[in-house]
**Student:** 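I'd like to ask some things about the structure below.
Please read all numbers here as calculations on a predicted model, not as lab measurements. Order of the sequence lines sets the chain letters (A, B, ...), proteins ahead of strands, with each chain counted from 1.
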Number of protein chains: 2
Amino acid sequence: MPRMSAAEKQKSHDRILDAAARLFRERGIEAASIADVMHAAGLTHGGFYKHFSSKQALVAEAFRHAAGELLSGAGAGADAGGAARAGAQARFIARYLSPDHVADTGQGCPVAALGADAARHGGAVQAEASRAVARMAAFLAPDEPDGEDRGLALMALLAGTVTLARLADTPELAARVIAAGRRAAGILGKEAGEDPVETAV
Amino acid sequence: MPRMSAAEKQKSHDRILDAAARLFRERGIEAASIADVMHAAGLTHGGFYKHFSSKQALVAEAFRHAAGELLSGAGAGADAGGAARAGAQARFIARYLSPDHVADTGQGCPVAALGADAARHGGAVQAEASRAVARMAAFLAPDEPDGEDRGLALMALLAGTVTLARLADTPELAARVIAAGRRAAGILGKEAGEDPVETAV
DNA sequence: CAATTTGGATGATTATTATCATCCTTCATT
DNA sequence: AATGAAGGATGATAATAATCATCCAAATTG
């Protein structure tokens with residue numbers, strides 16, 4: 001229909017990105033088509049290439065978008081040190097290892113939802129995924145000598161726990177997976193000097 | 001061409017299953033077509049439905065097949081108790097968290113390669129994945145009161161670590177992820193009374 | 001206000017897909 | 001040897017995919 005202002009175009013762009021980030025996480029990269037994404041954004045498929053050069057480019061941007069939202073959402077106090085930082089980390093972990101996060105794949109962590117897929121896609125998609133992991137691990141890292149590695153292990157535990165919980169056949173198994181993941185995160189945190197999950201409650 | 005004996009048909013069936021288990025892990029479920037699988041098994045696409053009722057059925061069986069191979073491969077001493085069991089667990093963990101496993105997606109753990117996909121597919125695929133997780137967690141569980149939950153958390157850490165390592169953009173990051181995962185597995189094991197990774201070396 | 005630009009829609013194209021119908025060939029059985 | 005059963009090949013079908021060419025209408029620019 002219309003030619004829209006630059007601000008309107010940006011709005012369309014953001015709607016496409018939001019829809020893509022949600023659909024890719026919900027259905028997987030291959031199972032969500034460009035037409036699906038555009039329809040979810042309230043547009044038709046043909047205009048897509050006015051916004052993105054290819055589906056791969058969209059996937060990469062959508063991954064970055066999702067990771068950014070996840071980190072900014074829980075990032076209050078992240079830059080601080082000491083107790084404020086530990087509190088932000090604990091809150092992040094508590095929310096990550098929650099039934100809500102397990103149920104809401106479409107709005108959840110893209111690493112848990114698309115990590116294995118991104119590893120196969122290579123190129124820009126894998127690059128964005130790798131960057132997201134590095135940023136999340138840095139956020140989770142305690143103020144310690146080998147804090148970065150501790151953050152990586154924590155990140156692996158979080159993503160793995162949510163993936164297994166989503167896999168679970170029964171709500172009981174899913175709940176047990178989450179509880180076990182929380183306890184393990186507490187142990188890993190305690191070894192680092194404090195217990196992120198317990199102190200969050 | 002031929003009409004083959006029952007044993008020959010079983011051979012074809014197994015070849016299809018092997019090829020499927022490998023291709024699905026390597027490329028993902030959607031990206032590996034039935035024609036690809038049959039071609040990799042040395043057959044043409046048309047005969048597929050003489051062996052499996054649908055692609056979903058093949059995926060489910062292939063997942064079970066892959067999980068079975070993984071567990072039987074490292075299962076020597078799994079049924080025993082005490083030191084023999086702990087040794088089998090430690091060897092499993094050491095092999096799981098190795099660069100070889102990270103590199104060889106096609107022969108590796110199906111939970112790490114296809115877990116997120118299986119959660120989305122639902123039905124028989126998810127059921128097989130869930131059963132695989134339960135079996136692997138039971139194998140990893142220490143002889144303790146809350147050993148089962150410990151096994152689940154360990155399984156989550158293992159799968160998450162391999163996924164992140166495969167995601168990693170650079171070999172350096174991948175190596176750091178594996179090292180961090182190994183250390184974390186050691187910590188979780190120590191809390192359970194022993195250190196599975198260290199005692200494996 | 002006229003001209004140009006450009007988001008977005010419509011529709012085509014080419015490729016690939018899962019699934020199935022049909023046929024051929026050979027093994028097992030009589 | 002003749003017959004029937006069935007594994008596998010060939011080819012068709014129908015749906016869906018990503019990508020692109022073309023067109024339309026409005027908004028910005030002059």
**Student:** OP1 or OP2 of C:dT19 versus the side-chain N and O atoms of B:Ser54: is any pair under 4.0 Å?
**Tutor:**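 For C:dT19, neither OP1 nor OP2 has a side-chain N or O of B:Ser54 closer than 4.0 Å.
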**Student:** Atom CG of A:Leu58 and atom P of D:dT19: how far apart are they, to the nearest Å?
**Tutor:**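 Atom CG in A:Leu58 sits about 10 Å away from atom P in D:dT19.
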**Student:** Do the side-chain N or O atoms of A:His51 get closer than 4.0 angstrom to the phosphate oxygens (OP1, OP2) of C:dG8?
**Tutor:**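 Checking A:His51 against C:dG8: at least one side-chain N or O falls below 4.0 Å of OP1 or OP2.
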**Student:** How close or far is atom C1' of C:dG8 from atom CZ of A:Arg15, stated in whole angstroms?
**Tutor:**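 In whole Å, C:dG8 C1' lies 11 Å from A:Arg15 CZ.
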**Student:** For residues B:Arg95 and B:Ser98, report the shortest heavy-atom separation together with the two atoms involved.
**Tutor:**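 For B:Arg95 and B:Ser98, the tightest heavy-atom pair comes out as O-OG, 2.7 Å.
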**Student:** Taking only the side-chain nitrogens and oxygens of A:Tyr49, find out if one of them lies under 4.0 Å from OP1 or OP2 of D:dT19.
**Tutor:**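 For A:Tyr49, the contact criterion (side-chain N or O under 4.0 Å from OP1 or OP2 of D:dT19) is met.
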**Student:** Under the side-chain contact (heavy atoms from CB on, under 4.5 Å) test, which residues partner A:Glu148, sequence neighbours left out?
**Tutor:**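 Scan of A:Glu148 (side-chain contact (heavy atoms from CB on, under 4.5 Å), adjacent residues dropped) gives B:Arg176.
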**Student:** Tell me the interatomic distance from B:Ile16, atom CD1, to D:dG7, atom P, rounded to whole angstroms.
**Tutor:**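 For the pair B:Ile16 CD1 and D:dG7 P, the rounded distance is 11 Å.
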**Student:** So, does B:Ser12 get its side chain near the phosphate of D:dG8, meaning an N or O under 4.0 Å from OP1 or OP2?
**Tutor:**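 Checking B:Ser12 against D:dG8: at least one side-chain N or O falls below 4.0 Å of OP1 or OP2.
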**Student:** Using salt bridge (Lys or Arg N to Asp or Glu O under 4.0 Å) as the criterion, list what pairs up with B:Asp36, not counting sequence neighbours.
**Tutor:**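 By the salt bridge (Lys or Arg N to Asp or Glu O under 4.0 Å) rule, B:Asp36 matches B:Arg27.
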**Student:** Are side-chain N/O atoms of B:Asp18 and B:His65 paired as donor and acceptor at under 3.5 Å?
**Tutor:**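 The answer is yes; a qualifying pair exists.
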**Student:** For A:Arg15, what residues pass the salt bridge (Lys or Arg N to Asp or Glu O under 4.0 Å) criterion, not counting sequence neighbours?
**Tutor:**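 Scan of A:Arg15 (salt bridge (Lys or Arg N to Asp or Glu O under 4.0 Å), adjacent residues dropped) gives none.
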**Student:** Rounded to whole Å, how long is the line connecting atom NZ of A:Lys55 with atom C1' of C:dT16?
**Tutor:**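 Rounded to whole Å, this separation is 13 Å.
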**Student:** Ignoring hydrogens and angles, does a donor from either the side chain of A:His13 or the base of C:dG7 sit under 3.5 Å from an acceptor on the other?
**Tutor:**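 Counting by modelled atom types and ignoring angles, no donor-acceptor contact under 3.5 Å is found here.
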**Student:** Can you give the dot-bracket line for DNA chain C, using ( ) for pairs inside the strand, [ ] for pairs that cross earlier ones, | for pairs with another strand and . for unpaired bases, where Watson-Crick and G-U count if both distances are under 3.5 Å?
**Tutor:** |||||||||||||.||.|||||||||||||
**Student:** Please list all pairs passing the ring pair (Phe, Tyr, Trp, His ring centres under 6.0 Å) test where one or both residues lie in residues 83-128 of chain A, with sequence neighbours left out.
**Tutor:**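 Pairs touching residues 83-128 of chain A that pass the test: A:Phe92-A:Tyr96, A:Phe92-A:Phe139, A:Tyr96-A:His101.
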**Student:** Please output the side-chain donor-acceptor pairs of residues 105-118 of chain A that fall under 3.5 Å, not counting sequence neighbours, one pair per line with the distance.
**Tutor:**
{"residue": "A:Thr105", "atom": "OG1", "partner": "A:Arg166", "partner atom": "NE", "Å": "3.3"}
{"residue": "A:Asp117", "atom": "OD1", "partner": "A:Arg120", "partner atom": "NH2", "Å": "3.4"}

**Student:** Just how far, in rounded Å, is P of D:dG7 from CG of B:Asp14?
**Tutor:**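 Computing the B:Asp14:CG to D:dG7:P distance gives 15 Å.
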**Student:** Starting from C1' on C:dT22, measure out to CZ on B:Phe48 and report it in whole angstrom.
**Tutor:**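 Whole-Å distance recorded here is 19 Å.
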**Student:** For B:Glu26, which residues count as a salt bridge (Lys or Arg N to Asp or Glu O under 4.0 Å) partner, sequence neighbours excluded?
**Tutor:**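 Partners of B:Glu26 under the salt bridge (Lys or Arg N to Asp or Glu O under 4.0 Å) test: B:Arg22.
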**Student:** Partners of B:Arg135 by salt bridge (Lys or Arg N to Asp or Glu O under 4.0 Å), sequence neighbours excluded?
**Tutor:**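 Counting only residues at least two positions away or on another chain, B:Arg135 forms no salt bridge (Lys or Arg N to Asp or Glu O under 4.0 Å).
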**Student:** Using OP1 and OP2 only, check whether a side-chain N or O of B:Lys50 sits under 4.0 Å from D:dG7.
**Tutor:**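 For B:Lys50, the contact criterion (side-chain N or O under 4.0 Å from OP1 or OP2 of D:dG7) is not met.
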**Student:** Going by number, which of residues 27-44 of chain A have a non-hydrogen atom under 4.0 Å from DNA chain C?
**Tutor:**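 Contacting residues: A:Leu43, A:Thr44.
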**Student:** Find the distance B:His45:NE2 to D:dT13:P and express it as a whole number of Å.
**Tutor:**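 Whole-Å distance recorded here is 13 Å.
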**Student:** Atom CD of A:Gln10 to atom P of C:dT6: distance rounded to whole Å?
**Tutor:**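 Taking CD of A:Gln10 and P of C:dT6, I get 16 Å after rounding.
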